[in-house]
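To keep things clear, I will list the structure first and then write my remarks on it.
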Amino acid sequence: MYVVQCMSGKEADVQSKIFSQGYTARVPAAVRLERCGGKWLDRLRVLMPGYVFVDSPMHDDLYHSVKGVDGVIRWLNPGRPESLREDEITFIRRLTANNEPVPPVDIETKPHLRIHSGPLAGLEHTIVELRRRQHRIRMRVTVLGEEHTVFLSANFRETPSERH
C-alpha cells in the first residue's frame, strides 16, 4: 500500500478516479458526532485530509496513471514511493473496511479501557486522549513512520460504578 497526497477536499474524487483505472484506493472516513444548533448531528469526515491510500502493488503503469489524476499532488516519497509497513497497512484496511466510514466507537473506560465492537476493537493501545464532553477519542496513528492524530466519535458506556 502506498500513499498519494492530494488536494484537501478532493479525496473522494481522487479515489473514484483511481478506482475507474482498475486500482484499489482507500480514504479513511468516519461518522463524527458534532454539536450544531444545540443538537448532536452525524457528519461524514475524512480522517486524514489530503491523503489517499493506493492498495495495489507498485509498477510503472500505476505510478504514472495515478500521478496524472486530477487533484493528485504527488506520491509520498516521490521518485521511489515507499510502501507502508505491515502494521500501518492493517490499520488503514481496518479503518476502511468495506469502504464504509467508521461509525462512532462504543467504548468503556472502567474497569479498564475497552472498545466493544467495530473495526477498532482491540486497538485500545492507540488511544491517547478521551474527550467525554465532545464525544471523541484521539488516536495515535503512524503513516510511513510519521505519527499522526486521528479524532473519532465515541459513545462512552456507563458502567455500574460510574452511576450516581
Residues at least two apart in sequence or cross-chain that pass side chain to side chain donor-acceptor pair (under 3.5 Å) with Gln21, listed by chain then number, are Ser65
- request: Could you walk me through whether Arg131 and Phe151 pass the side chain to side chain contact (heavy atoms under 4.5 Å, CB included) test, one step at a time?
  value: CA-CA 10 Å; Arg131 296 183 177 182; Phe151 286 96; 3.6 Å; yes
Q: Run the numbers on Val52 and Val66 for side chain to side chain contact (heavy atoms under 4.5 Å, CB included), then give the verdict.
A: CA-CA 11 Å; Val52 175; Val66 170; over 6 Å; no
Can you find a pair of side-chain heavy atoms, one from Ile107 and one from Ile127, that are under 4.5 Å apart?
yes
Residues pairing under side-chain hydrogen bond (donor to acceptor under 3.5 Å, both in side chains) where one sits in residues 90-102, two or more places apart or in two chains, turn out to be Gln15-Asn99, Arg26-Thr96, Asp55-Arg93
Tracing side-chain contacts under 4.5 Å among Ile, Leu, Val, Met, Phe, Trp and Tyr outward from Leu41 reaches none
Is there a side-chain contact between Val54 and Trp75 (heavy atoms, below 4.5 Å)? yes
To the nearest 0.5 Å, atom CE of Met7 lies from atom CG of Asp13 at 9.0 Å
Side chain proximity check, Val4 to Val69, heavy atoms < 4.5 angstrom | no
*When you measure from the side chain of Glu11 to the backbone N and O of Gly50, does any donor-acceptor pair fall under 3.5 Å?*
yes
* I would like to know whether Ile92 and Met48 meet side chain to side chain contact (heavy atoms under 4.5 Å, CB included); could you show each step before the answer? => CA-CA 11 Å; Ile92 296 299; Met48 297 177 198; 3.9 Å; yes
For Arg32, the side chain to side chain donor-acceptor pair (under 3.5 Å) test, sequence neighbours excluded, returns none
Full working for side chain to side chain contact (heavy atoms under 4.5 Å, CB included) between Tyr23 and Leu62: CA-CA 8 Å; Tyr23 302 111; Leu62 171 68; 3.6 Å; yes
Would you check if Val141 and Thr126 make a side-chain contact, meaning some heavy-atom pair closer than 4.5 Å?
no
For the hydrophobic clusters of this structure (ILVMFWY residues joined by side-chain heavy atoms under 4.5 Å, transitively), does one cluster hold both Val46 and Val31? no
Value for CZ (Arg140) from NE2 (His125), rounded to nearest 0.5 Å, stands at 7.5 Å
Rounded to the nearest 0.5 Å, the CD1 atom of Ile115 sits from the CE atom of Met139 at a distance of 5.0 Å
Test item: Leu152 and Leu47 side chains (from C-beta on) under 4.5 Å apart, heavy atoms
yes
Flag side-chain contact, heavy atom, 4.5 Å: Pro104 against His135:
no
Donor-acceptor check, side chain of Ser153 to backbone of Leu33, threshold 3.5 angstrom: yes or no? yes
* Validation row: Thr142, Phe91 side chains within 4.5 angstrom (heavy atoms) -> no
So the side-chain hydrogen bond (donor to acceptor under 3.5 Å, both in side chains) pairs with at least one residue in residues 35-46 (sequence neighbours excluded) are Glu34-Arg45
Residue set satisfying side chain to side chain donor-acceptor pair (under 3.5 Å) with Asp87, at least two apart, ordered chain then number -> Arg85
Distance col, row Phe156:CZ vs Arg136:CZ, nearest 0.5 angstrom, shows 11.0 Å
The reported gap from CD in Gln5 to CD1 in Ile73 (rounded to nearest 0.5 angstrom) is 4.5 Å
Check: Does a side-chain heavy-atom distance below 4.5 Å link Ser83 with Tyr2?
Finding: yes
Within one Ile-Leu-Val-Met-Phe-Trp-Tyr cluster: Leu95 and Val128, side-chain cutoff 4.5 Å: no
